Protein chains: 2
Amino acid sequence: MIGKSVLTRHQELVYRHLTGSEKALSAYDLLDALRGEGLRAPVQVYRALGKLIDHGLIHRIESLNAFVACTHEGHQGAAGFAICDACGEVEEFPLPDHLAPIDHWAAGRAFRVEHTTVELRGRCQTCR
Amino acid sequence: MIGKSVLTRHQELVYRHLTGSEKALSAYDLLDALRGEGLRAPVQVYRALGKLIDHGLIHRIESLNAFVACTHEGHQGAAGFAICDACGEVEEFPLPDHLAPIDHWAAGRAFRVEHTTVELRGRCQTCR
DNA sequence: CGATGCATGTTATACCATTACGAACCCGAG
DNA sequence: CTCGGGTTCGTAATGGTATAACATGCATCG
């Protein structure tokens, strides 16, 4: 059994729209943008987003309740995000390089980490 | 002019309720719990939560859309959270010890960090 | 007193996310 | 071929999170 490699129509539409945006987009942003392409209800967007997250093609930004395309197609492991509060740009960076101290803390507490969220809010180079 | 040091009635109610909970509580959890004390509308809870966050007495957990009392009253700087998906317990830990690598990344990008969110989801020692 | 500032109260609305249910479709087993 | 199972799709309804807008009460300060 091969894992599903192609995207459905809705997934493709949502993914393409996210890859074309520097900013994180909410599910309802995506819905509004894609109504002309046949998406009509929030649940359709959330279903596509869920699958794309499962495939590792996009990430959810918890502090914005919004979504961005993954920009590290090759990498394994978790990602962190730097979010500019002025222009909205989101930049992804790989976490494994940075996580060792936190992993160590968790190991000391016998806490088994399943998912790590790291989000930096502030000003990007051009907006500071 | 002395900075306001005492809490208003609503702020006190919300803060006390949070300090009595191991888990993060949503604004609506708090509203339901405090209706008997005179809180009637979401906006009243959100106002109290906002002030408590300003005062550094509580933290928002982005990945839960919920709130916890700060358990490091003395410390300065940012906090991270380990959240057990089984029992809901939230444990706070001080971040400054762990952030150096990420700060270094941000400095290299000329990104000025104003707030850092670190949330670990997983299983705590007793639930794993 | 009058002005200011802050906390409050109330209503309404906007925004985010999921549940439930049924129809359509693809594809492999019998 | 036809029957199932699994996945996608469509639609409606609902539940959960957060803020806007506006009016009122009350303390303080000049």
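On a predicted model such as this, the values are computed, not experimentally measured, just so you know. To find a chain, count down the sequence lines: A is the first, B the second, and so on, and within it residues start at 1.
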Measuring from the side chain of A:Gln11 (C-beta onward, heavy atoms only), which nucleotide among C:dT11, D:dT11, D:dT8 has the closest atom? D:dT8
Atom CG of B:Leu64 to atom P of D:dG16: distance rounded to whole Å? 15 Å
Would you call A:Glu114 and A:Arg112 a salt bridge, using N to O less than 4.0 angstrom? yes
Tell me: CG of A:Leu49 to P of D:dC9, nearest whole Å? 13 Å
Please check the phosphate of D:dT8 (OP1 and OP2 only) for any side-chain N or O of A:Arg9 closer than 4.0 Å. no
Please report the distance, rounded to the nearest Å, between CD in B:Glu62 and C1' in C:dC16. 14 Å
Between B:Lys51 and C:dA7, is there a side-chain N or O to OP1/OP2 distance below 4.0 Å? yes
Ignoring backbone atoms, establish whether A:Gln44 has a side-chain N or O less than 4.0 Å from OP1 or OP2 of D:dG10. yes
Measure from CG on B:Asp54 to P on C:dA7 and round the result to the nearest Å. 10 Å
Could you tell me whether A:Glu62 and A:Arg60 have a side-chain N and a carboxylate O separated by less than 4.0 Å? yes
Under 4.0 Å, counting only non-hydrogen atoms across every strand here, what does A:Arg40 touch: a base, just sugar-phosphate, or nothing? sugar-phosphate
Applying the 5.5 Å / 30° rule, does B:Tyr28 stack onto the base of D:dT17? yes
Yes or no on side chain to side chain contact (heavy atoms under 4.5 Å, CB included) for B:His59 and B:Val90, after CA distance, side-chain angles and deciding distance? CA-CA 11 Å; B:His59 300 286; B:Val90 176; over 6 Å; no
Take the protein atom CG of B:Leu39 and the nucleotide atom P of C:dG9, then report the distance between them rounded to whole Å. 8 Å
Could you state the CG-P distance from A:Leu25 to C:dA17, rounded to the nearest angstrom? 13 Å
Is any side-chain N or O of B:Asn65 closer than 4.0 Å to OP1 or OP2 of D:dA18? yes
For B:His10 and for B:Pro42, find the nucleotide of DNA chain C with the closest heavy atom, then tell me which residue's nucleotide is more 5'. B:His10
Which part of the nucleic acid, if any, lies within contact of B:Ala27, taking any heavy atom under 4.0 Å across all strands shown: a base, the sugar-phosphate backbone alone, or nothing? nothing
Look at the side-chain N and O atoms of A:Thr8 and state whether any lies under 4.0 Å from the OP1 or OP2 oxygen of D:dT7. no
Rounded to the nearest 0.5 angstrom, the CG-CG distance for A:Asn65 and B:Asn65 is 5.0 Å
Determine: side-chain N/O of B:Tyr46 to OP1/OP2 of D:dT19, distance under 4.0 Å, yes or no. no
Hey, which sits more toward the 5' end of DNA chain C by its nearest nucleotide, B:Ala41 or A:Ala66? B:Ala41
Between A:Ser26 and C:dC16, is there a contact of a side-chain N or O with OP1 or OP2 at under 4.0 Å? yes
Considering all heavy atoms of both residues, which atom of B:Glu92 and which atom of B:Ala79 are nearest to each other, and what is their separation? OE2-CB, 3.4 Å
Integer-rounded Å distance: C:dG9 P and B:Leu13 CG: 11 Å
Atom-to-atom span, CZ of B:Arg35 to P of C:dG9 - whole angstrom: 14 Å
For A:Glu22 and A:Glu89 the tightest heavy-atom approach is OE1-OE2, 3.3 Å
In terms of side-chain heavy atoms of B:Arg47, which of C:dT19, C:dA17, D:dA21 is nearest? D:dA21
